[in-house]
Amino acid sequence: MDFKRKKIAPAGGFSSSQTKKKKTDWDDDGPSQFEEELAFLDEVEADMAMEMNDTYSTADVLPVDKLSENISPKWLRPPLPPIDPQQDCICFHQIELDHYIGSHIPGMLGATQGPVPIIRTFGITADGNSVCCHIHGFAPYFYVPSQSGFKQEHLNEFKKELNSAVIKDMRSNKDNISQAVLAVDICMKENMYGYHGKKINPFLKITMALPRLIAPAKRLLEQGIRFGTFPVHCYQAFEANIDFEIRFMVDNDIVGCNWLELPAGKYRIRNDGDSNNDTAKKMSLAQLEVDISWADLISHPAEGEWQKIAPLRVLSFDIECAGRKGIFPEPDKDPVIQIANMVMRQGEKDPFVRNVFTLGTCASIVGSQVLCFEKEDALLKAWAEFVRIIDPDIITGYNIQNFDVPYLINRAHTLKVGNFPFLGRMRNIKSVIRDSSFQSKQMGRRENKVINTEGRVQFDLLQVLLRDYKLRSYTLNAVSFHFLQEQKEDVQHSIITDLQNGNEQTRRRLAVYCLKDAYLPLRLLEKLMCVINYMEMARVTGVPLNYLLSRGQQIKVVSQLLRQAMKQDLVMPVVKSEGGEDYTGATVIEPVKGYYDVPIATLDFSSLYPSIMMAHNLCYTTLLQSGSIDKYGLKPEEFIKTPTGDCFVKSSVRKGLLPEILENLLSARKRAKTELKKETDPFKQKVLDGRQLALKVSANSVYGFTGAQVGKLPCLEISQSVTGFGRQMIEKTKQLVESKYTLTNGYKADAKVIYGDTDSVMCKLGVQTVSEAMEIGKEAAEWVSSHFTPPIKLEFEKVYFPYLLINKKRYAGLYFSSSAKTHDKMDCKGIETVRRDNCPLVANLINTCLQKILIDRDPMGAVEHAKDVISDLLCNRIDISQLVITKELTRTADEYAGKQAHVELAERMRKRDPGSAPNLGDRVPYVIIGAAKGVAAYMKSEHKKCENLCPLCYQ
DNA sequence: CATAATACCTAA
DNA sequence: TTAGTTAGGTATTATG
């Protein structure tokens, strides 16, 4: 008998701590692979420097406190070339845009007295110089229809103010004011109110009337939105719930991360001295700080040459703290002992700055600068200065947003390091920690800390991964393994303090570990093309980069909708959102369950919901209200009735905004794809690929937006019509396929649609080979397409052969698409193998069984295998400590009242070691500690004959 | 003990 | 001051 316990390889890249190789004596080990990699970077750099001779002059040191003698010239940005404001234009790649309340600057548009709102944007020139630009004269506003209860005395006050206004354009349009009034943006803080019958801050009154923006509102009010859902009189205000930044960007055709141009003669450069008192003093750490009026600014659409990306500086860092045994480090008690930094220019391969700040001595590390400090406060002070000198545009790391940055700020506060919390680009703005909670159906409730770093975008890799990827584990180690097949340096958390208290060699070991933790996020960012993809998303949807990480899906659609609405002279109403009835969604065709040893052709509608909206012109502005048909005397050929009974006018009467947005997105995607094919430069290819992906994702989220009942502009008539059309289409597709491909029509067999979900049908065509199935599939797709309104299109996508249909939303098959000879992959949908709430043993077992069934075509072999594994399990031949189960802990332990195993476990972990206790949203690996009732009896019974999975696995 | 309610995660 | 949708399978927990 075999008494040895079998080792089960962990599935899904998860590796429990027990399986890791333990290094007990690090001094005896040679350099790790990472150390060699670091050393290699040094060599590469030396060669480059020889060729290019690219050292920067130290003359351009930014006016911050000196960071001892360790300042390296390569930390500095390239020196600013001489600029003649009358002759030279300045172009920069804008990466952040915000606003503040400041005061008037002579020569600039806007109110001359009192506080004025100023837009501020940061960016980088093509040469890598940092720019801070103050944009003057743009005022917040929203539209108020004159008949909606706006008091006449307000209007009179407005007129008075306007008559004395300094902006001359305003005068010529003053007669519009009685028709439509532009009032304050409610997002403005401090004693300013939107118009809700409340008070209006006087300074805003005189800056409000931007004539070209009155025009559409006026027309709107005169004509009404003829076919709009929302009659004007129903709403107090239009576009009152729009963020000021978005308002500015939309009105000026600026999209997130595009290039801005300051034309020669139109801007003023700020400088440090106070010699010139009509020029404001430089307030930022940017190399170039300028003022300009909003009307003078030129925005370049992200096309052609302006698709380029400036050499942005990306800083990745990681800190280590000396925690007490078993207690999670607390910033008021536990010191920061190391901070590792990696700085890279976007588009380059390797970081050009690599260093580590250590508390206490540390032996040298080839490929990295080591900066040793005796005192912790000096270390923190120096690091903050380092950040200000490096002047990063993007700050990244792993969980920096909720751990590293707050910890550093709190620690610096405890140690009274005065200048520490100035991590942004503004000299006078302190970085403070704010708590924010964000909840959405997509991501659940998420508590976050927010730290302001003006001009620098925080790009916490953990947050990116939580948003974009569904993973079994989100530890840096697991993530690195999953994407890079690489792991962290092997240092247990518990020994960090011991390493710190050791000698310069042990601290060196810790420093290498810390460096790798700063390096890995950079590598991951690169591998996953996060920066490029996010920038393309910002450009496509028009929102600033930081919105993409801090806000939800809706703002992206709102931004596009506003832009399109402006083109058609329409304004967006404000609706109060209230939860209501759910509407019917898609159809899932009842599956004919079974194992199919014949090819199954799969036909899909490509971008089903967007194409429905385009085909039928579904939009807010085309929806007809009950009674409108008679009221406007519409002829039957001028409108359609959707399956849900809602009516929309055809595009011949009025073209909808949503269809237009979708057409633009999809045609831009087509363009990007063709450009991608032509492009040979791998960097540009990445950009284009990121772009086409962003375009696809944006198109698909438009439907969701219309159905979001707690949202900015829900319209269930649209969303339910879309799903209604979808249901009709999949049903019709099934009928068409089954009626044409029949024996009587001369085909080999009667075709049968055995399954379908939302936009796809799986067809058994009665043919024996993959290539036949492909051929008929293609023909069928084309033929069926001809029965629908363009651009709706059914496409042949793939053949499954063989195909195992277990249930609705649960199937597996070998996927043939690129070739009829060999399968591309084994495709599993909804089965345990793709779910993250199973123990890996189950996932592995089922995966192996599926392979036996589909690849080896040996179902009985699969049964035998399952029996063997269950037998091993029941006879205790599997090391139970390897049987790791992971489950999502999405609620606080209290809410569960200790009723689920993983919650119980979380509580025990907290008791034993509060430091390692799981937090909200963490995944908790745990082992079986007791079997359920009935398992013992089950084990005693004839489990050898059991063909089902052992309940143990599920316990 | 049977059934309903709920949690979780996925398909599209 | 902010949040994309519905359909649906499977396991676990609550309830009579």
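Reminder, nothing fancy here: chain letters follow the sequence lines and each chain counts from 1. The model shown is predicted, which means the values in this text are computed figures rather than measured ones.
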Can you list, by residue number, the residues of residues 551-561 of chain A that have a non-hydrogen atom closer than 4.0 angstrom to DNA chain C? A:Arg551, A:Gly552, A:Gln553, A:Gln554
A:Thr758 has a side chain; which of B:dA12, B:dC9, C:dT2 sits nearest to it? B:dA12
Nearest to the A:Ala708 side chain among B:dA12, C:dA3, C:dT5, which nucleotide is it? C:dT5
Base, sugar-phosphate, or nothing: which does [X] touch, judged by heavy atoms less than 4.0 Å apart?
{"X": "A:Tyr583", "answer": "sugar-phosphate"}
{"X": "A:Val834", "answer": "sugar-phosphate"}
{"X": "A:Val588", "answer": "sugar-phosphate"}

Take atom [atom1] of [X] and atom [atom2] of [N], then tell me their distance rounded to the nearest Å.
{"X": "A:Tyr755", "N": "C:dG9", "atom1": "OH", "atom2": "C1'", "result": "10 Å"}
{"X": "A:Tyr703", "N": "C:dT6", "atom1": "OH", "atom2": "P", "result": "7 Å"}
{"X": "A:Asp837", "N": "B:dA11", "atom1": "CG", "atom2": "P", "result": "12 Å"}

Taking every non-hydrogen atom, the tightest pair across [X] and [Y]:
{"X": "A:Val543", "Y": "A:Ala538", "result": "O-CB, 3.3 Å"}
{"X": "A:Gly830", "Y": "A:Val834", "result": "N-CG2, 3.5 Å"}
{"X": "A:Gln401", "Y": "A:Asp460", "result": "N-OD2, 2.8 Å"}

So, is the end of the [X] side chain (NZ or CZ) under 6.0 Å from the ring centre of [Y] and within 45° of the ring's axis?
{"X": "A:Lys732", "Y": "A:Phe788", "result": "yes"}
{"X": "A:Lys798", "Y": "A:Tyr815", "result": "no"}
{"X": "A:Arg247", "Y": "A:Phe244", "result": "no"}

Here the helical stems involving DNA chain C, each at least 3 consecutive Watson-Crick or G-U pairs closer than 3.5 Å, sorted by first residue number, are B:1-12 with C:5-16
Quick check, are the ring centers of A:Tyr803 and A:Tyr811 under 6.0 angstrom apart? yes
Taking DNA chain B as the partner, which of residues 797-811 of chain A come within under 4.0 angstrom of it by heavy atom? A:Lys809, A:Tyr811
Whether the A:Asp468 and A:Tyr534 side chains hold a donor-acceptor pair (N or O, under 3.5 Å, no angle test) is what I'd like checked. yes
Side-chain N,O (A:Arg835) to OP1/OP2 (C:dT10) below 4.0 Å: no
A:Lys793 atom NZ, neighbour heavy-atom count above 12 within 6.0 Å: no
Could you tell me the separation between the CZ atom of A:Arg836 and the CG atom of A:Leu471, rounded to the nearest 0.5 Å? 7.5 Å
To the nearest 0.5 Å, what is the distance between CZ on A:Phe705 and CD on A:Gln553? 11.5 Å
